[in-house]
Number of protein chains: 2
Amino acid sequence: MRSRNEPVKWPAAGVRVTMEDVAREAGVSRALVSLVMRDSPKVGVKRRERVLAVAERLGYRPNAMARGLASRRTRTVGVLLNELHNPFYAEVLDGVDEEAERLGYRILIASAGARTRGEERAVEAFLEYRTDGIVLVGPRLSASAITGLAEAVPVVVVARVMRSSMVDSVANDDYQGVRAVVGHLTALGHRRIAHIDGGSGAGASTRRAAYARAMREHGCDGGRRVIAGDYTAQAGARAVERMLADGDMPTAIFAANDFVAAGAIDRLDAEGLRVPEDVSVVGYDDVFLAGLRGLSLTTVNQPRPEMGRLALAALVERIEEGRSDALHVRLTPELVVRSSTARPRGSALRLRA
Amino acid sequence: MRSRNEPVKWPAAGVRVTMEDVAREAGVSRALVSLVMRDSPKVGVKRRERVLAVAERLGYRPNAMARGLASRRTRTVGVLLNELHNPFYAEVLDGVDEEAERLGYRILIASAGARTRGEERAVEAFLEYRTDGIVLVGPRLSASAITGLAEAVPVVVVARVMRSSMVDSVANDDYQGVRAVVGHLTALGHRRIAHIDGGSGAGASTRRAAYARAMREHGCDGGRRVIAGDYTAQAGARAVERMLADGDMPTAIFAANDFVAAGAIDRLDAEGLRVPEDVSVVGYDDVFLAGLRGLSLTTVNQPRPEMGRLALAALVERIEEGRSDALHVRLTPELVVRSSTARPRGSALRLRA
DNA sequence: GTGAAAGCGCTAACAG
DNA sequence: CTGTTAGCGCTTTCAC
């Protein structure tokens, strides 16, 4: 008796069943079994079923390594996620995953972790496994390392702008996103808008440049200030401390992402500064956190799963068709206004005195 | 000229450099190159260096598949994460990763994603890749599927209690954790403490049972109520709605994890019920979120990275030593009291009238 | 130490 | 459709 859910069956310990075994047991040639395992159309229904039945009974499972070695392709792509703790990446992965399944590819996930040169090492592993392609999500690798890599294997970069003609890329248009943020803030009356940046993180420089440009466009060049950060809540908190120490608190803060914003708000709150009454705060990404009423963060939403889907599709196209020109997709992000932003109301500095 | 950071070098396009090539170029036999690549001590320093230099120059990279095929082991373990969006799993992974590096193992990460039978499929992939072992973090697989799997390959389960003698497991002691929660709440004066559970999620049943037992132990059997959930914020919100609709709001809520708690608080807030004044809320896991001032959630902390480390170590021990008895580690969790809990103050029900 | 020989389990032509 | 013949790139004896 089995449970009603399809019984999960795994081969028994140490028993290494090969194609040969299946062939012998089914009374056919090994080649025939190979064809069946690959769903070749040139196998009769009867034989196919018999082979499949025997394989099932024996607990046969194709050896991916042998298959990859012999066929010289793995139908597997490596996905390197910058950071597994940030749900942003998980959501991009959802899209990659979905599209990969649709296209019949398998994915191998890796992240840099805390190691030094973690990304290089992960890429190295993908290369040794001979994945057919690599998806880099928010990589911190240098642009030259990425284009170099692209010479060895098809590569697509997500959530970071690339200009190389060797690698495809899918990202949101930071200029549009940041312009919407600054526009929203200036419309509320803010002039002094600081930016806590993402340091050397993926896309941080683009966002920083977009901020500078948008401030200029809105005639707020004088109220510009960039505080160094790194895409974490701790960075947000530290940045607030720095501003406080400098006695230079702006009326609004544009954080590099929602985590930085959360950390900043947390710290502001701890110092007795109210958001948005004393300081308005805007994030980026619209992760789950931002929507909680406790935070209710004004932020910018990027279509993450869609980015993942497009990236994987582009990669597979390059793998299979050998496309040579680069595809650079820029999706339009959307400002999501919640309650962490409001009209400025006098200088927050007074509260410190 | 190169950049100061060690130049990243990847082999050029399509150039498939094999051991043979390196051997020829270095003027040695292929076997020698093989020994060098495996850090064999029986190779002289000079030759070793020459081989390494040639390999580097040619951009040689060992083929993991060929190596795995020939050696019949991969020094790779598969890690199946229940859910990539939940930072809890990422933190367990940090520990696994660290220990794997220490022990010279490589890890392959997978998650069930949104697919049906996602876990089975991921496990299937690990099996096809012939990983030396598998780490299951918070698996939803049936216990029988897991023990069945363990017959094929070494397995260790994290964050879920197993009683099988075939698989090792590392988890926190839910009974202790939940008892601490209920103890804290009853000490504050609560009697009606509802539990929003984790549905069929990993460890949900254990936590549910622990709740029932703890309530009994504290003489609060009458105030017991379990509302079905599933480890997500949405479930927390829905559970609150249900309680509201039933006109049966307890004075305290023990949520299956921090996300459920966050969702519950969010909803309570939306309904005008204050936390902790009207309802106290406790979570589980102490993820990043819980520490934010906006939430300041009382919760239970599990040593996640430590769990990961222990699990990987146990797995490798089983792989290499072939240990046959199961190791079941139970770590002691710690109650973290913040400000989402307080003494009950009259019935929250009144507020609905 | 070193090199030759024999596979690991599978795919890929190519004749039947 | 079927069976045979070659490898894929590497590790592993096992003599030298």
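Here is the naming used below: chain letters follow the sequence lines, and residue numbers restart at 1 for every chain.
- Salt bridge status for Arg304(A) with Glu91(A): present, with a side-chain N to carboxylate O gap under 4.0 Å.
- Put simply, CD on Glu128(A) is 10 Å from P on dC10(D), counting in whole angstrom units.
- In the model, Thr18(B) has no side-chain atom that pairs as donor or acceptor with a side-chain atom of Tyr60(B) under 3.5 Å.
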Evaluate salt bridge (charged side-chain N to carboxylate O under 4.0 Å, His left out) for Glu128(B) paired with Arg67(A), printing each intermediate quantity in order.
CA-CA 10 Å; Glu128(B) 290 189 10; Arg67(A) 185 191 292 225; 5.4 Å; no

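- If you walk DNA chain C from 5' to 3' and mark each nucleotide with an atom closer than 4.0 Å to a heavy atom of chain B, the marks span dG1(C) to dG9(C).
- Using a cut-off of 4.0 Å between Lys/Arg side-chain N and Asp/Glu carboxylate O, Glu101(B) and Arg106(B) are scored as not salt-bridged.
- The distance from atom CG of Leu127(A) to atom P of dG9(D) is 15 Å, rounded to the nearest whole Å.
- Of the charged side-chain nitrogens involved, at least one lies within less than 4.0 Å of a carboxylate oxygen, so that Glu320(B) and Arg75(B) count as a salt-bridged pair.
- If Gly27(B) and Arg130(B) are placed on DNA chain C by their nearest nucleotide, the residue sitting closer to the 5' end is Gly27(B).
- Looking at heavy-atom distances under 4.0 Å, Gly68(A) makes no contact with the nucleic acid at all.
- Asp168(A) and Arg323(A) are joined by a salt bridge, as a carboxylate oxygen and a charged side-chain nitrogen come within less than 4.0 angstrom of each other.
- In this structure, Met65(B) places its CE atom 16 Å from C1' of dT11(D), rounding to the nearest Å.
- Proximity of a side-chain donor or acceptor of Arg30(A) to a complementary backbone N or O of Arg24(A) within less than 3.5 Å is not detected.
- Here the straight-line distance linking atom CG of Leu80(B) with atom CG of Leu108(B) works out to 11.5 Å at 0.5 Å rounding.
- Helical stems in DNA chain C, defined as runs of 3 or more consecutive Watson-Crick or G-U wobble pairs with both donor-acceptor distances under 3.5 Å, are listed by first residue as C:1-11 with D:6-16, C:13-16 with D:1-4.
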Every protein N/O within reach of nucleotides 12-15 of chain D N/O, cut-off under 3.5 Å:
| residue | atom | partner | partner atom | Å |
| --- | --- | --- | --- | --- |
| dT12(D) | OP2 | Arg38(B) | NH1 | 2.9 |

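- In summary, the side chains of Ser111(A) and Tyr89(A) do not present any donor paired with an acceptor at a separation below 3.5 Å, with no hydrogens or angles considered.
- Nucleotide dG7(D) holds its P atom 13 Å from the CD atom of Glu20(B), rounded to whole Å.
- For dC10(D), one of the phosphate oxygens OP1 or OP2 lies less than 4.0 angstrom from a side-chain nitrogen or oxygen of Tyr60(B).
- Computed from coordinates, the Asn63(A) CG to dC8(D) P distance equals 18 Å when rounded to whole Å.
- Note on Asp97(A) versus Arg115(B): salt bridge recorded, some NZ/NE/NH1/NH2 to OD/OE distance being below 4.0 Å.
- For Arg72(B) (side chain) and Leu69(B) (main-chain N/O), no donor-acceptor pair under 3.5 Å exists by modelled atom type.
- Note: CG (Leu69(B)) to C1' (dC8(D)) measures 9 Å, nearest angstrom.
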